[in-house]
Amino acid sequence: MRMHKAMTNLEIAELLRAVAAAYQLQSESKNRFRIIAYQRAADSVEHSSSELKDLWDEGKLNEIAGIGPSISKHLDELFKKGSSSHFSQVMKGLPPQMFELMIIPGIGAKTAYKLVTEFGSKISEKNPIGDLEELAKEGKISTIENFGQESEKDILRSIAEVKGRSKRHLLPYADRIADEVIEWLKKENEVLKADPLGSLRRCASTVGDVDIAVATKNPQKVLNHFTKFPKAQRILEKGGATSSIVVPSDMQVDLMVQPQDRYGALLQHFTGSKHHNIALREFALKKNYSLSEYGIRKRGAKGLKKFATEESFYNFLGLDWIPPELREDTGEIKAALNHQLPKLVEVREIKADLQIHSSFDVETSHDLGESSMEEIVNKANSMGYEYVAFTEHNPSHSRHSEGQIVDILRRKKEAIAKLNESIKGVKSIKGAKRVYNSLEIDILPSGKLPVTEKGLETLDFALVSIHSSFRLSKSQMTKRVISGLMHPKVKIFAHPTARKLTQREGIDLDWEKIFDFCIKHDIWVEINCDPMRLDLPDFLVKEAVGLGIKLTLGTDSHHVDHMDNMEFGVSVARRGWAEKKDIINTRSLEEFEKMIK
DNA sequence: GCCGTTTTCGGCCCGACTGTTTTCAGTCG
């Protein structure tokens with residue numbers, strides 16, 4: 001039998017969306033909710049933290065919300081045979097081009113189908129979007145029934161948008177822009193309150209648009225002031241309650257304005273996430289309430305209950321206020337109902353930075369830090385830390401003999417001993433009482449570590465991580481990592497997925513096995529605070545926390561300024577429901593010292 | 001087609017915008 005390459009979650013989600021689109025073309029009204037069911041299943045599959053194929057192997061498909069007996073049956077066939085007769089049947093006769101056209105904003109199933117059937121082979125399978133663009137430019141679209149000049153222009157605009165679709169932005173850039181906009185807004189006296197919204201407020205690892213809420217009695221004046229933001233390159237729209245501008249890096253900034261007595265509902269609605277809001281409205285519906293960005297309405301009754309704060313909004317529904325980082329529909333509503341929300345870890349509780357690269361020359365083949373050990377200790381002092389760990393990359397084993405590597409590591413050990421000597425007993429100095437001698441060691445593709453026993457002996461503890469051969473199979477990669485974690489000096493598995501946001505996907509690992517090993521051998525898992533990594537990712541943090549795995553925060557700083565990125569790592573921890581107890585570097589120096597021995 | 005601390009049957013999130021329309025369908029966030 002021919003082996004099919006297992007479909008990824010994203011591919012399965014696309015397939016389910018295609019099935020939903022196919023049902024949309026059938027006009028029977030009973031399909032209405034079936035369409036929604038398929039779209040929901042697609043969303044859930046896309047956001048699932050485990051590969052669907054693995055769940056299927058274990059007979060756990062039903063654990064995915066939105067997958068019931070019927071879809072489950074079709075997926076079973078899909079995994080067994082490589083296709084599903086039911087899905088094929090539903091999509092029979094539909095032109096494949098239409099699914100690609102649906103990428104274009106404003107074009108849904110019906111519009112896509114109509115366009116493809118109308119123009120036939122003029123919209124090719126090879127380049128449907130390009131062909132549609134040509135047709136629009138030639139003015140052919142506006143000749144079709146129910147399409148006019150405006151829809152033609154819309155299609156051209158949207159295609160241009162898809163082509164130049166700017167990537168999502170890293171969290172710190174969005175954060176900085178939002179700060180600047182809010183600072184600018186507050187220069188206008190009519191601005192009573194201003195806060196970021198959306199994925200930025202939820203501290204997602206990447207952000208599309210920046211959305212900002214303002215409470216005011218004078219919307220027009222605020223919106224006018226907003227469009228004069230000095231860095232605004234373009235004004236996209238300016239309405240009565242919203243306005244949009246574009247700032248450098250092609251970032252869109254939207255402003256939403258409401259009177260102060262409705263500000264709570266506004267914040268709640270536009271903070272999202274979409275899935276959280278849907279779940280919340282379904283919850284409210286059972287109590288016969290209908291929610292919107294304006295407030296809460298009793299179903300069938302007139303009048304709107306307004307909310308000045310989000311706390312009062314959630315409390316009205318019988319829920320505790322839910323921190324924005326948790327609003328992803330992963331159980332937070334139930335927890336809020338039962339008063340069982342976690343007490344999330346906070347930046348001020350962090351007492352150490354457990355991944356820093358100094359400029360001490362360990363003659364590594366990777367990048368060295370730019371700041372001296374002394375500069376870093378001073379910075380740690382100013383941040384109120386009690387300890388730090390120096391974790392330069394291991395010395396290059398291709399350029400040095402084993403003996404030379406040990407010599408280098410001994411020199412580093414001496415330097416750190418001296419540094420500790422110079423600050424030991426100075427009780428009046430807050431922070432950085434202890435400097436730990438560590439090393440970030442590559443896990444080679446073989447699973448071996450490129451530092452010998454004698455070299456490892458010089459360390460207080462070691463971090464290990466992946467920096468090469470990212471595309472090994474899941475089983476090989478899992479074996480490699482576990483082998484790398486074996487040595488007793490190894491305490492921390494650093495940037496575990498090795499992903500680079502907007503650049504590179506993470507490696508393929510059997511997380512159940514990895515986490516299991518970490519629990520049994522008391523290995524800690526890092527949340528790397530580098531904004532381009534934010535690794536362990538939030539959904540895996542949540543799994544790890546659920547299993548009782550201990551996490552560490554490390555900024556991976558290569559310059560003292562990078563040490564300020566700690567807050568972004570804390571955001572990831574919070575998104576993963578982590579409390580103070582789950583994070584190793586909330587421990588005092590005394591506690592940490594005991595744990596490391 | 002899914003789902004259940006009011007339901008295993010009878011429900012299923014909300015509002016806005018847009019264009020092509022004389023009352024609405026399609027799409028989006």
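The sequence lines fix the lettering, A, B, ..., with proteins before strands; numbering per chain opens at 1.
- Distance from the side chain of A:Lys286 is smallest to B:dT7 among B:dC2, B:dT7, B:dT18.
- Nearest nucleotide to the A:Ser292 side chain, out of B:dC14, B:dG19, B:dC2: B:dC14.
- Between the CZ atom of A:Phe147 and the C1' atom of B:dT21 there is a distance of 14 Å, rounded to whole Å.
- Annotation for A:Met102 and A:Ala112: closest pair CG-CB, 3.7 Å, computed over non-hydrogen atoms.
- Here A:Ala109 lies in heavy-atom contact (under 4.0 Å) with sugar-phosphate atoms only.
- Counting any heavy atom pair closer than 4.0 Å across all strands shown, A:Ala65 reaches sugar-phosphate atoms only and no base atom.
- Taking 4.0 Å as the cut-off between side-chain N and carboxylate O, A:Arg17 and A:Glu14 do not count as a salt-bridged pair.
- Of all nucleotides listed (B:dG1, B:dC2, B:dT20), B:dT20 comes nearest to the side chain of A:Asn146.
- Between A:His86 and B:dG1 there is a side-chain N or O to OP1 or OP2 distance below 4.0 Å.
- At least one side-chain nitrogen or oxygen of A:Tyr294 sits closer than 4.0 Å to the OP1 or OP2 atom of B:dA16.
- Rounded to whole angstrom, the span from the CG atom of A:Asp254 across to the P atom of B:dG29 amounts to 11 Å.
- Atom C1' of nucleotide B:dT27 and atom CG of A:Leu101 are separated by 15 Å, given to the nearest angstrom.
- Residue A:Ser70 is the one, among A:Glu150 and A:Ser70, whose nearest nucleotide of DNA chain B lies closer to the 5' end (criterion: closest heavy atom).
- Remark: the separation of the C1' atoms in B:dT6 and B:dG11 is 13 Å, to the nearest Å.
- Put simply, A:Thr111 has a side-chain N or O that comes within less than 4.0 Å of OP1 or OP2 on B:dT27.
- Contacts of A:Tyr38 with the nucleic acid, taken as non-hydrogen atoms under 4.0 Å apart, involve only primed sugar atoms and P, OP1 or OP2.
- A gap of 15 Å separates the C1' atoms of B:dT8 and B:dC12, to the nearest Å.
- The nearest whole Å value for the distance from the NE2 atom in A:His339 to the C1' atom in B:dT5 is 14 Å.
- A:Glu152 has its CD atom 19 Å from the P atom of B:dT18, to the nearest Å.
- Under 4.0 Å is where a charged nitrogen must lie from a carboxylate oxygen, and between A:Lys542 and A:Asp538 no such pair does.
- A:Arg32 places its CZ atom 14 Å from the C1' atom of B:dG26, with the value rounded to the nearest Å.
- Contact check, A:Lys274 against B:dG29: no side-chain N or O comes under 4.0 Å of OP1 or OP2.
- In this structure, A:Phe33 forms an aromatic stack with the base of B:dC12, since both conditions hold: centre separation below 5.5 Å and plane angle below 30°.
- Under 4.0 Å is where a charged nitrogen must lie from a carboxylate oxygen, and between A:Arg575 and A:Glu328 at least one such pair does.
- Here A:Arg201 pairs with A:Glu310 in a salt bridge; the nearest charged N to carboxylate O distance falls below 4.0 Å.
- At a threshold of 4.0 angstrom between heavy atoms, the contacts of A:Glu145 with the nucleic acid are absent.
- Here A:Asn277 does not reach the OP1 or OP2 of B:dG29: none of its side-chain N or O atoms lies under 4.0 Å away.
- As rounded to whole Å, 14 Å separates atom P of B:dG15 from atom CG of A:Leu280.
- Using a 4.0 Å heavy-atom cutoff across all strands shown, A:Ile71 reaches sugar-phosphate atoms only and no base atom.
- In this entry the distance linking CD1 of A:Ile35 with C1' of B:dC2 reads 14 Å, nearest Å.
- Annotated as syn: B:dT7, whose glycosidic dihedral is within 90° of 0.
- A salt bridge links A:Lys306 with A:Asp261: the closest approach of a Lys/Arg side-chain nitrogen to an acidic carboxylate oxygen falls below 4.0 angstrom.
- Between B:dC14, B:dT7, B:dG1, one nucleotide has an atom nearer to the side chain of A:Arg34 than all others, and that is B:dG1.
- Contact check on A:Arg157 versus A:Asp154 returns a salt bridge, with a Lys/Arg side-chain nitrogen under 4.0 Å from an Asp/Glu carboxylate oxygen.
- Straight-line distance between the P atoms of B:dT20 and B:dG15: roughly 27 Å, to the nearest whole Å.
- Summarising the base pairing, B:dT8 is matched to no nucleotide, lacking a Watson-Crick or G-U wobble pair whose two defining distances lie under 3.5 Å.
- When heavy atoms are screened at a 4.0 angstrom cut-off, A:Ile36 is found touching no nucleic acid atom at all.
- Comparing the P positions of B:dT21 and B:dT27 gives an interatomic distance of 16 Å, to the nearest angstrom.
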